[in-house]
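In what follows, a structure is listed as structure tokens, so that the remarks can point back to it.
Naming: A, B, ... by sequence-line order, numbering from 1 per chain. Excluded from the calculations below are hydrogen atoms, water molecules and symmetry mates; all remaining heavy atoms, backbone and side chain alike, are included.
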Amino acid sequence: MNREIAVVAFAQTDHRRTSEELSEVEMLMPVLHEVLAQTGLKTADIGFTCSGSSDYLAGRAFSFTLALDGVGAWPPISESHVEMDGAWALYEAWTKLLTGDADTALVYSYGKSSPGPLRDVLTRQLDPYYVAPLWPDSVALAALQAQALIDAGDTDEPALAAVAARSRADATANSHAQLSGSVPHGDYLVRPLRTGDCPPIGDGAAAVILAAGERARELCDRPAWIRGLDHRIEAHGLGVRDLTDSPSTRLAAEKAGAFERPVDTAELHAPFTAQEVVLRKALSLDDGVRVNPSGGALAANPVMAAGLIRIGEAAAGIHRGESDRALAHATSGPCLQQNLVAVLEGDPR
Amino acid sequence: MSKEPVAVIGIGQTKHVAARRDVSIAGLVREAARSALDDAELDWADIDAVVIGKAPDFFEGVMMPELYLADALGAVGKPMLRVHTAGSVGGSTALVAANLVAARVHGTVLTLAFEKQSESNAMWGLSLPMPFQQPLLAGAGGFFAPHVRAYMRRSGAPDTIGSLVAYKDRRNALKNPYAHLHEHDITLEKVQASPMLWDPIRYSETCPSSDGACAMVLTDRAGAARAPRPPAWMLGGAMRSEPTLFPGKDAVSPQAGKDCAADVYRQAGIADPRRDIDAVEMYVPFSWYEPMWLENLGFAAEGEGWKLTEAGVTELDGDLPVNMSGGVLSTNPIGASGMIRFAEAALQVRGQAGEHQVEGARKALGHAYGGGSQFFAMWLVGAEPPDA
């Protein structure tokens with residue numbers, strides 16, 4: 001693979017607890033317009049389009065078809081969709097650009113968590129015969145993971161509270177964040193997790209433009225080159241996994257070349273405080289690395305877009321010249337079952 | 001940079017039936033995957049990545065089932081992608097997997113698509129009411145019937161064409177051991193006497209609801225050289241999408257379908273599809289879509305597709321056989337239906353299609369569509385590698 005591909009533009013909504021006055025498409029449209037405007041490209045100029053979303057959030061089958069109408073797919077476009085976080089849509093677009101079939105790609109994703117009880121909805125991700133009928137919810141499963149970490153001596157409740165406080169303090173610099181500043185750590189939601197250890201539930205969308213080689217340099221002053229991109233999945237059954245570790249994240253990072261040289265910034269998709277502890281260990285991140293300067297998923301976690309936002313935030317840091325080599329991570333499934341790692345670099349200054 | 005050639009070296013299907021009550025979803029997909037691996041004489045450890053597709057999660061009531069299916073498909077520790085592009089998804093899934101090989105990201109990829117419709121009710125899964133949106137009415141048939149009527153009016157096709165297609169596909173299905181419907185006593189009269197569901201579409205001109213899965217092993221040139229059986233080579237592949245509803249849309253012959261076919265033919269060096277392509281597996285969920293797609297895919301001039309059907313050109317022993325396997329009309333595990341078209345095209349050029357083999361098939365087209373005739377995925381496979 002000798003084709004260089006970069007993130008050249010990124011846009012996101014202001015993430016909010018509810019956006020009931022907007023359809024998913026209406027929520028997405030301004031983001032699509034903004035990301036295209038950053039590059040001056042029009043829909044018809046884009047070589048490949050790929051999106052990520054979930055019918056279960058929309059509450060109807062084929063919900064992504066309406067978003068495509070919003071994109072304005074006329075004349076017809078080369079287009080695909082993953083029923084996953086947008087980070088995986090970006091992965092599909094990246095491979096498409098690697099084949100040489102396209103020079104630019106538009107990637108977008110969105111999710112509205114507000115219409116239904118998200119904790120209940122996410123139980124439908126579990127083994128449908130043996131686990132889902134018991135309705136173990138996403139917070140309860142994350143609490144199992146947090147307790148396993150505490151039992152292993154890897155963290156304690158004050159350390160988790162510090163992760164939450166740091167994230168939300170950093171989020172004050174992020175105008176898109178849903179939860180920022182001094183947020184009370186709150187009561188236990190599911191022990192040992194307090195409300196402050198959990199992500200806000202919210203609605204949001206994000207979009208990224210990728211471009212290959214010289215095209216990237218034309219479209220962006222300082223492209224964020226994707227040096228490596230990989231993702232791995234683990235077993236679904238929690239009983240066969242060591243919840244205090246994330247071997248899939250470590251393997252994805254290794255394949256993406258993350259360990260070849262140190263990164264200065266890491267955007268980790270860790271919706272729960274304890275998951276940042278797991279990911280830091282898996283990625284061997286030391287205190288010299290800025291972790292989630294955007295505030296991360298603890299400040300805004302629009303399901304299906306939060307992973308793509310990590311890649312977008314990492315890239316935007318490079319665009320602005322605040323970062324030279326960054327790691328971006330996205331996760332899917334209960335207790336960090338599936339993980340994606342991207343390594344992004346700016347040209348030397 | 002040139003792309004890595006992509007070869008199909010393993011194909012597996014389940015026996016498609018109305019309800020597989022003997023297996024879980026995991027059991028169903030594993031059966032197809034194991035069968036594809038056996039065909040390629042490979043094991044789980046030889047697979048670098050898994051790309052899985054299915055139609056909406058509502059059809060089984062499992063949100064993002066790839067998470068639960070990782071173990072059953074030997075994907076633990078590997079990359080696993082989940083594609084969803086409505087009814088075209090089986091084709092799109094194969095193309096996403098092929099791109100991983102073409103881009104040299106992975107050497108050997110398992111791709112699989114499935115639907116276990118017996119776990120739920122597809123009609124209702126498609127008919128959830130949403131404010132300010134056009135309802136799909138009575139499932140897919142209610143949506144597509146007016147477009148069929150428009151085709152009949154536009155082309156002047158006689159009323160009999162739809163039943164000819166259904167009669168042909170159901171007879172072809174008798175030669176395919178994996179097909180869902182095996183109607184041994186089928187006659188043209190029976191098709192024509194079946195109840196009218198969505199005028200002009202009769203009961204026997206519609207697809208069944210099936211449980212089933214289809215899997216393929218895709219690999220690079222080196223992998224193909226080690227394959228025990230002849231590979232099918234991908235000579236071209238493309239996806240195209242257009243909006244669901246807008247005033248300029250031609251619902252009878254969508255531009256996205258024409259563009260997608262043109263892209264595939266360009267890649268594969270096909271100048272005259274009618275002459276250069278030996279067999280076609282096209283996505284025909286309602287019988288009238290055979291003549292409609294014959295035109296959309298460039299096998300017949302506009303308004304002339306039904307004449308090929310009427311003249312027997314698309315019969316198994318015709319000049320341009322269409323849906324030798326029995327097609328979607330005989331087997332419809334929705335999410336898998338597109339991949340079955342792709343896989344059956346590959347079986348033909350490998351010479352492995354058994355009783356429904358087209359003698360001497362060297363180039364075959366696999367076609368899938370979805371949504372409101374707005375998503376298209378196609379590939380053209382050949383018995384010879386692309387640069388031969």
Side-chain angles (χ1 to χ4, degrees), chain A residues 1-3 23 49 54-56 58-62 64-66 68-69 71-84 88 91-92 95-101 121-122 124-129 131-132 230-237 240 247-248 251-252 332-334 337-338, chain B residues 1-3 24-25 55-71 75-86 92 95-96 99-100 102-105 119 125-126 128 130 132-133 238-246 248 254-256 259-260 263 371-372 374-375:
Chain A
M1 287 177 285
N2 45 16
R3 203 163 198 244
S23 70
T49 300
S54 167
D55 280 347
Y56 256 80
R60 77 179 285 274
F62 298 149
F64 61 91
T65 62
L66 297 165
L68 183 70
D69 287 13
V71 169
W74 190 260
I77 59 173
S78 174
E79 189 262 351
S80 183
H81 172 260
V82 295
E83 192 83 355
M84 305 179 80
W88 279 267
Y91 180 86
E92 184 184 329
T95 62
K96 179 78 175 178
L97 297 195
L98 281 178
T99 66
D101 284 344
V121 171
L122 289 176
R124 304 300 90 192
Q125 284 188 334
L126 303 168
D127 177 324
Y129 305 102
V131 185
D230 196 88
H231 60 100
R232 301 280 154 168
I233 197 165
E234 292 178 35
H236 185 62
V240 298
S248 58
L251 183 57
S332 177
Q337 188 193 342
Q338 188 175 20
Chain B
M1 189 190 87
S2 69
K3 286 190 283 188
S24 62
I25 298 170
D57 292 3
F58 281 104
F59 283 5
E60 287 83 9
V62 187
M63 180 182 184
M64 302 162 77
E66 71 278 3
L67 297 164
Y68 145 69
L69 292 172
D71 306 61
V76 172
K78 294 173 187 171
M80 187 172 193
L81 267 173
R82 156 73 193 288
V83 180
H84 177 18
T85 63
S92 307
L95 292 175
V96 173
N99 268 345
L100 294 177
R104 299 189 177 88
V105 174
E119 308 251 339
L126 284 174
L128 296 170
M130 288 292 285
F132 309 115
Q133 285 167 19
M239 291 187 241
R240 285 293 184 283
S241 309
E242 66 182 42
T244 326
L245 301 164
F246 73 107
Q255 188 63 39
D259 292 358
C260 190
D263 191 1
Q374 65 186 125
F375 302 112

Which bit of [X] comes within less than 4.5 Å of chain A, counting heavy atoms only: side chain, backbone, both or neither?
X	result
B:Asp71	side chain
B:Glu60	neither
B:Leu95	neither

Best-contacting candidate, [options], against chain A by heavy atom pairs under 4.5 angstrom:
options	result
B:Gly61, B:Gly371, B:Pro65	B:Gly61
B:Pro243, B:Ser24, B:Gly77, B:Ser241	B:Ser241
B:Leu69, B:Val83, B:Thr244, B:Asp259	B:Thr244

Quick check on [X] against chain B: is it the side chain, the backbone, both or neither that has a heavy atom closer than 4.5 Å?
X	answer
A:Ala235	both
A:Leu251	side chain
A:Gln337	side chain
A:Gln338	side chain
A:Thr49	neither
A:Val71	neither

Does the plane of the ring in A:His231 sit parallel, tilted or perpendicular to the ring in A:Trp88? Use 30° and 60° as the thresholds.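 Ring orientation of A:His231 relative to A:Trp88: perpendicular.
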
Is there a donor-acceptor pair under 3.5 Å between the side chain of A:His236 and the backbone N or O of A:Asp127?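 Checking the backbone N and O of A:Asp127 against the side chain of A:His236, a donor-acceptor pair under 3.5 Å is found.
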
Determine whether a donor-acceptor pair (N or O, by modelled atom type, separation under 3.5 Å) exists between the side chain of B:Gln255 and the backbone of A:Pro75.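 Here the side-chain-to-backbone pair does not exist.
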
With a 3.5 Å cut-off and no angle check, do the side chains of A:Thr65 and B:Gln374 form a donor-acceptor pair?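 Per modelled atom types, A:Thr65 and B:Gln374 side chains form no pair under 3.5 Å.
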
Assert yes or no for the condition that the ring centre distance of B:Phe375 to A:Phe64 is strictly below 6.0 Å.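 Ring centroids of B:Phe375 and A:Phe64 are less than 6.0 Å from each other.
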
Evaluate the side chain to side chain contact (heavy atoms under 4.5 Å, CB included) criterion for residues A:Leu68 and A:Ile77: first the C-alpha distance (whole Å), next the side-chain angles of each, then the deciding distance (0.1 Å), finally the verdict. CA-CA 10 Å; A:Leu68 183 70; A:Ile77 59 173; 4.1 Å; yes

What pair of heavy atoms forms the shortest contact from B:Met63 to A:Ser54, and how long is it?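 Here B:Met63 and A:Ser54 meet closest at CE-OG, 3.4 Å.
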
